[in-house]
Amino acid sequence: MSANIVIGTQWGDEGKGKVIDILASRADVVVRAQGGNNAGHTVVSGGETYKLHLIPSGILYKDTLCLIGAGVVLDPKDILGEIDDLSARGISFDNLKIDPRAHIIMPWHIALDGLSEKFRGNKDIGTTHRGIGPTYMDKYERSGLRFYDLVHPEIFREKARSAGELKNAVITKVFGGASLDIDGIIEEYIGYGQRLAKYMDDVSVLTYEAAKAGKTILFEGAQATLLDIDFGTYPYVTSSHPLSAGVCTGTGVGPMLIDGIYGVAKAYTTRVGKGPFPTELEDETGDYIRNRGGEFGTITGRPRRTGWFDSVIVRHAVRVNGLSCLVINKLDTLAGLDTLKVCVAYKRPDGTIIKDFPPTLEGLEGCEPVYEEHPGFSDDISGAHSFDEFPQVAKDYIARLEELCECPIKMVGVGPDRSQIIER
Ligand code: IMP
């Protein structure tokens with residue numbers, strides 16, 4: 001038995017999907033514990049491409065139990081779309097379970113996400129407009145609607161009406177937005193609840209029982225460390241805890257159940273949305289990495305901002321998640337660059353050098369990356385089957401990242417296919 005977590009160490013899109021998919025193929029149970037359909041990962045399997053938002057990737061294996069935990073926010077319409085699309089491609093949902101405690105994303109959350117972003121003007125967060133923040137706001141204000149409510153029409157009608165009327169007042173009177181048809185929404189969502197009811201089960205109990213029975217469990221992280229509501233670049237973050245600890249609260253299991261925590265990073269850095277990015281490259285090298293790496297958002301199609309590998313960030317991820325090992329993805333993307341730079345520390349405006357990621361935006365302001373330069377490699381490494389086949393400079397680059405991040409690098413990704421990951 002083993003229970004492992006896969007976490008993003010940067011700002012998301014590190015290629016967690018591929019690592020998750022490899023580990024999911026060996027898992028009996030796959031669990032999503034936080035976030036919602038703001039996540040998006042692409043899994044290429046058996047020549048087919050699957051784009052998953054909320055459904056755990058274990059769904060591609062017919063005997064794997066797929067769990068959506070209490071910490072997730074669930075858009076019923078979106079998940080039904082995903083279920084319908086994948087069902088049409090022959091995927092079975094018999095093993096999907098959703099915790100009754102998971103909060104429901106309603107149309108007013110989506111409307112308010114867009115209106116608040118517009119209201120912020122050029123100080124917007126750059127959210128995915130999926131209603132994530134407003135749904136977590138209601139959860140923490142203790143006025144949210146949960147999956148249990150959704151599948152019980154009488155309870156749902158009453159709670160959704162009072163929530164919806166209040167939100168409608170905020171939408172129209174505060175933001176000057178268009179009024180929503182609350183009754184129409186309630187009836188539409190009751191229909192979704194009826195279709196989803198059969199998936200309801202206690203994910204905390206199921207996960208605990210699976211662990212006791214010696215099953216292999218994979219906790220599939222969404223988003224990433226620097227998007228964490230507390231330990232990310234607040235306020236340019238998401239509204240959940242994409243850290244290893246978030247897996248425990250979002251599933252309802254204790255930390256002693258966990259055996260290993262994999263942190264996934266790219267061999268460089270990317271970010272979508274707004275916020276600070278010390279090693280950002282707004283030049284031809286940045287374009288080269290974006291185009292070679294296909295760095296465009298899975299959910300929104302937005303071009304991702306690109307930059308050099310930042311070991312200050314990944315070391316922060318090693319600490320706040322207690323990582324057992326690292327996976328470095330997309331090393332092949334860097335082929336063809338004469339020089340590879342790695343950020344080893346930040347230089348503050350007063351000249352002091354810091355090695356720990358600052359806790360606030362104010363502390364990060366004006367920080368300049370301190371770079372170390374490494375020779376690049378021109379060889380195409382996407383066909384390599386073992387670490388020994390890498391050019392020496394690529395091996396040295398990986399060894400140096402390992403040293404700087406203070407964490408063993410167990411896998412290196414050299415291409416999008418599941419086979420293009422080298423276990424070291
Ligand atoms: P929200 O999660 O939609 O509220 O967006 C908040 C911030 O998190 C924005 O900068 C998004 O671009 C970012 N974000 C949310 N989910 C993901 C993800 O799965 N990958 C990368 N960035 C994400």
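Start at 1 and go down the list; that is how both ligands and their atoms are numbered.
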For ligand 1, is there an atom lying under 4.0 Å from some heavy atom of Val237? yes
Does the N or O separation between [X] and ligand 1 drop below 3.5 Å for any pair?
{"X": "Arg302", "result": "yes"}
{"X": "Ser239", "result": "no"}
{"X": "Arg130", "result": "no"}
{"X": "Asn38", "result": "yes"}
{"X": "Gln223", "result": "yes"}

Angle class for the Tyr199/Phe93 ring planes (parallel below 30°, perpendicular above 60°, tilted otherwise)?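 Perpendicular: the ring planes of Tyr199 and Phe93 meet at over 60°.
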Relative to each other, are the rings of Phe175 and Phe119 parallel, tilted or perpendicular (30° and 60° limits)?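 Perpendicular, since the angle between the ring planes exceeds 60°.
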By number and element, which atoms of ligand 1 are closer than 4.0 Å to a non-hydrogen atom of [X]?
{"X": "Trp11", "answer": "21 (C), 22 (N)"}
{"X": "Asp13", "answer": "20 (N), 21 (C)"}
{"X": "Gly273", "answer": "10 (O)"}

Tell me, yes or no, whether the heavy-atom count around Lys77 atom NZ, taken from other residues, nucleotides or ligands under 6.0 Å, exceeds 12.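 Counting neighbours around NZ of Lys77, 12 or fewer heavy atoms of other residues, nucleotides or ligands fall under 6.0 Å, so no.
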Indicate yes or no: at least one non-hydrogen side-chain atom of Ile185 is less than 4.5 angstrom from one of Trp108.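 Yes, at least one pair of side-chain atoms sits under 4.5 Å.
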Any side-chain heavy atom of Arg120 sitting closer than 4.5 Å to one from Lys274?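 Heavy-atom side-chain distance check fails, nothing below 4.5 Å.
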When you check the gap from the basic side-chain N to the acidic O, do Glu14 and Lys330 get nearer than 4.0 Å?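 Judged by the 4.0 Å cut-off on N to carboxylate O distance, Glu14 and Lys330 do not form a salt bridge.
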With a 4.0 Å heavy-atom cut-off (strictly under), which part of Tyr236 contacts ligand 1: side chain, backbone, both or neither? neither
Applying a heavy-atom cut-off of 4.0 Å, say which part of Glu14 lies close to ligand 1: side chain, backbone, both or neither.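 Neither part.
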From CA spacing to verdict: side chain to side chain donor-acceptor pair (under 3.5 Å), Tyr189, Asp149: CA-CA 11 Å; Tyr189 276 63; Asp149 304 325; over 6 Å; no
